[in-house]
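Let me begin by presenting the structure, written as structure tokens, before commenting on it.
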Amino acid sequence: MPTALPRGVLVAFEGIDGSGKSTQATLLADWATQRGLDVVRTREPTNGPFGRKVRESKVSGRLSPDEELRCFLEDRKEHVATLIAPALARGALVVIDRYYYSTAAYQGARGHDPAALLAQNRAFAPRPDVVFLLDVDPRDGVTRVTARGGGADAFETLPALTRARDIFLSLDEPHVVKLDARQPPEALHASVLFHLLRGPLRDSASQLGLDALPDEASLPVR
Ligand code: TYD
């Protein structure tokens, strides 16, 4: 039986395409699962009807900015109601690959007001305990996406990704941790653990099988 935390913890990984979010979300989820925590690893857009619609629009031609925004919001409402909120309520660690900051950045890049988008999302979506923003130069991001075979149907152009990155970088909230995504995955993972073990997982060190809080140099903790 996985162990519940004293209260649910929501960790979001954000960044432009090719920033390495999925790798970091997986490393964190695996680390916590190995330590016996109840972990829910998830992503947006989801595989629900609205999430599928925006993904298909990548190939079939894009939706209008308004329709695209509506789909991302509907997808998230369903995700929160059916998965995220129940998991947090039972004390799980929820690790999400993209969340409403992606809406602020990408739909912001398509002309909506980022501050209004954040407010609209916060009306129904729980605020993450920590957001790891993996920052990468859009040109490097596109190179990484192309290298894994995703270049042909890349959703975003370089100027749009540059606007999205600028919006991500303009987020100025204490729970948003900006990390240089050029670092090797293991180094980024160490930073992620360092922040969590000094932040929302601070009181759970013994539950995680750690005698003491490690310093950053000794992470990742194996
Ligand atoms: P996908 O290929 O599913 O994911 P990823 O790029 O994370 O591997 O594509 C998701 C695309 O959707 C990505 O280009 C960012 C975009 N997006 C938004 O525009 N708004 C949002 O709210 C979310 C969650 C994603």
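Fair warning: this is a prediction, and the values are worked out from it, not measured in the lab. Just so it is clear, the values below take in all heavy atoms, side chains as well, and ignore hydrogens, waters and symmetry mates. Ligands are counted one by one from 1 in listed order, and the atoms in each one are counted from 1 as well.
Some N or O of D17 is nearer than 3.5 Å to an N or O of ligand 1, by distance alone. Note: no N/O pair closer than 3.5 Å links D97 and ligand 1 by distance alone.
The residues R182 and D140 are annotated as not salt-bridged, no charged nitrogen and carboxylate oxygen being separated by less than 4.0 angstrom.
Near R76, the atoms of ligand 1 lying under 4.0 angstrom from a non-hydrogen atom of the residue are 22 (O), 24 (C). When each atom of ligand 1 is checked for a heavy atom of Q107 under 4.0 Å away, the hits are 18 (C), 19 (O), 20 (N), 21 (C), 22 (O). For ligand 1, the atoms lying closer than 4.0 Å to a non-hydrogen atom of R43 are 1 (P), 3 (O), 4 (O).
Applying the side-chain hydrogen bond (donor to acceptor under 3.5 Å, both in side chains) test between Y100 and each of R122, R127, R76 identifies R122 as the sole match.
Atom CZ of R139 sits in a sparse spot, with 12 or fewer heavy atoms from other residues, nucleotides or ligands closer than 6.0 Å.
Comparing E44, R98, K58 against atom 5 (P) of ligand 1, the shortest heavy-atom distance belongs to R98. Closest heavy-atom approach to atom 3 (O) of ligand 1 within the set R110, R55, E68: this belongs to R55.
The hydrophobic cluster containing L179 also contains L196, counting ILVMFWY residues as joined when their side-chain heavy atoms lie under 4.5 angstrom apart, directly or transitively.
S19 contributes atom OG, which lies 10.5 Å from atom CZ of R165 (distance to the nearest 0.5 angstrom).
Residues R41 and T33 have side chains that never bring a donor and an acceptor to within less than 3.5 angstrom of each other.
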